[in-house]
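Below, all heavy atoms of this structure are taken into account, side chains as well, without hydrogens, waters or symmetry copies.
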Amino acid sequence: MIIPLVSAILGSDYVLYSCAFMSVQLIFLWTHCSTMLSEKPHLEWKKIISNINVLAIIAGLLLFFCKIKLPAVILAPINDIGNMLAPLSMIVTGMLMADSPILASLKNAKLYLFSAIRLVIWPTILLLIMFVSHVYDFIPDGRTLLLIVYLASITPSASTITQMVQVYNKDATYSSLLNVFTTLFCIITMPLAVILFSWLIL
């Protein structure tokens, strides 16, 4: 969700910074998260390095730092695929909502607790750290860059988690409910969080 948000709010020039955030997130997903779900005591480096997501990150970094420009015949389809990211994410979320026993889970207090941690508590802690440290004064265009980080921190839990849970034969229903609950609650929490950011940082 972060890429279409940044593109709509700040413009396509800032999408690169959201990709940097997502790259770090994906690395943690396919190392720490993968290890926890597989319940193995050590990282399987061969599987991690050969993972298509990690390979894409490495390829992107090489292209960026080597300043290699792809020809239009390759770049155009890649851009088209990138533009499909947000709609596909919403389709996956909609599929999760359709298959989730939402009404039956309304009494599950853990779903509300984890939603609060994801959408309220963690973003508030992050915002306070930004406000107290004034870290945005140490880097050019710091407030805008921190807004991108903050936007990423207030988005719902990723549907990727549910897909990973399914791969490792864990409780996909519970994971999908977390995605559904945080998606529904973020309709309220995200605008409020951005307003708070604008008061304290911008």
Side-chain angles (χ1 to χ4, degrees), residues 1-29 32-33 79 82-98 100 102-103 105-163 174-202:
M1 190 177 287
I2 181 61
I3 290 179
L5 273 175
V6 171
S7 180
I9 296 173
L10 301 173
S12 58
D13 291 343
Y14 286 93
V15 169
L16 174 65
Y17 299 101
S18 62
C19 291
F21 183 96
M22 288 180 60
S23 297
V24 175
Q25 184 185 53
L26 282 171
I27 289 171
F28 276 112
L29 274 174
H32 177 66
C33 181
N79 285 332
N83 292 333
M84 291 169 59
L85 184 62
L88 286 175
S89 177
M90 293 299 100
I91 290 172
V92 171
T93 301
M95 292 168 61
L96 293 174
M97 286 183 176
S100 299
I102 299 177
L103 293 178
S105 62
L106 291 176
K107 295 181 180 179
N108 189 337
K110 285 186 178 180
L111 291 171
Y112 297 98
L113 174 62
F114 289 128
S115 296
I117 292 172
R118 178 72 181 95
L119 300 174
V120 179
I121 297 174
W122 161 241
T124 301
I125 293 172
L126 179 62
L127 185 59
L128 288 175
I129 292 172
M130 293 176 181
F131 178 71
V132 173
S133 67
H134 287 268
V135 67
Y136 45 82
D137 289 331
F138 300 107
I139 51 177
D141 208 10
R143 286 176 170 81
T144 304
L145 297 182
L146 287 184
L147 175 59
I148 294 171
V149 174
Y150 189 66
L151 286 172
S153 73
I154 61 177
T155 54
S157 63
S159 55
T160 308
I161 300 296
T162 301
Q163 296 163 23
Y174 185 69
S175 176
S176 65
L177 283 170
L178 281 173
N179 178 262
V180 169
F181 269 59
T182 52
T183 300
L184 292 174
F185 288 141
C186 83
I187 297 172
I188 299 172
T189 59
M190 285 187 72
L192 295 176
V194 172
I195 290 172
L196 189 59
F197 183 93
S198 66
W199 286 347
L200 295 178
I201 305 297
L202 294 181

Next item on the list: Please examine the side chains of Ile201 and Leu147, heavy atoms only from C-beta on, and report whether any two atoms are closer than 4.5 Å.
Entry: no

Item checked: Considering all heavy atoms, the nearest Pro191-Cys186 contact -> CD-O, 3.7 Å

Checklist line | Gap between atom CG of Leu184 and atom CG of Asn179 - 0.5 Å precision | finding: 9.5 Å

Margin query: When you compare the side chain of Leu196 with that of Trp199, does any pair of heavy atoms fall below 4.5 Å?
Written below: yes

Item checked: Check against side-chain contact (heavy atoms from CB on, under 4.5 Å), Asn108 and Tyr174 -> CA-CA 10 Å; Asn108 189 337; Tyr174 185 69; 3.9 Å; yes

Item checked: Interatomic distance, Leu145 atom CG to Ser18 atom OG [nearest 0.5 angstrom] -> 11.0 Å

Check: Does some side-chain heavy atom of Leu29 sit less than 4.5 Å from a side-chain heavy atom of Ile161?
Finding: yes

Item checked: Tyr14 atom OH, over 12 foreign heavy atoms within 6.0 Å -> no

Check: With a 4.5 Å limit on heavy-atom distance, are the side chains of Tyr136 and Thr144 in contact?
Finding: no

Next item on the list: Indicate the atoms forming the closest heavy-atom contact of Phe181 with Ser105, along with that distance.
Entry: CE1-OG, 3.6 Å

Checklist line | Test ring pair (Phe, Tyr, Trp, His ring centres under 6.0 Å) applied to Phe197 - qualifying residues, sequence neighbours left out | finding: Tyr150

Next item on the list: State, yes or no, whether a side-chain contact exists between Leu119 and Met190 at a heavy-atom distance under 4.5 Å.
Entry: no

Next item on the list: Kindly indicate whether the side chain of Ile9, heavy atoms from C-beta on, has any atom under 4.5 Å from the side chain of Leu151.
Entry: yes

Note to self: Between Arg118 and Pro123 (side chain of the first, backbone of the second, donor and acceptor by atom type, cut-off under 3.5 Å), is there such a pair?
What the structure shows: no

Check: About how many Å separate CD1 of Ile187 and OG1 of Thr182, when rounded to the nearest 0.5 Å?
Finding: 10.5 Å

Item checked: Approximate separation, where rounding is to 0.5 Å, of Ile129 CD1 and Leu146 CG -> 11.5 Å

Item checked: Val194 side chain reached by Ile154 side chain, heavy atoms, under 4.5 Å -> yes

Notebook entry, point to check: Out of curiosity, Ile148 CD1 to Ser153 OG, how far, rounded to the nearest 0.5 Å?
Noted result: 12.5 Å

Next item on the list: Check Val120, Leu127, Ile121 against Thr124 for a side chain to side chain contact (heavy atoms under 4.5 Å, CB included) and give me the one that passes.
Entry: Val120

Next item on the list: Mind checking the CG-OG spacing from Leu178 to Ser157? Nearest 0.5 Å is all I need.
Entry: 5.5 Å

Check: Do Tyr112 side-chain atoms and Leu106 backbone N/O form a donor-acceptor pair below 3.5 Å?
Finding: yes

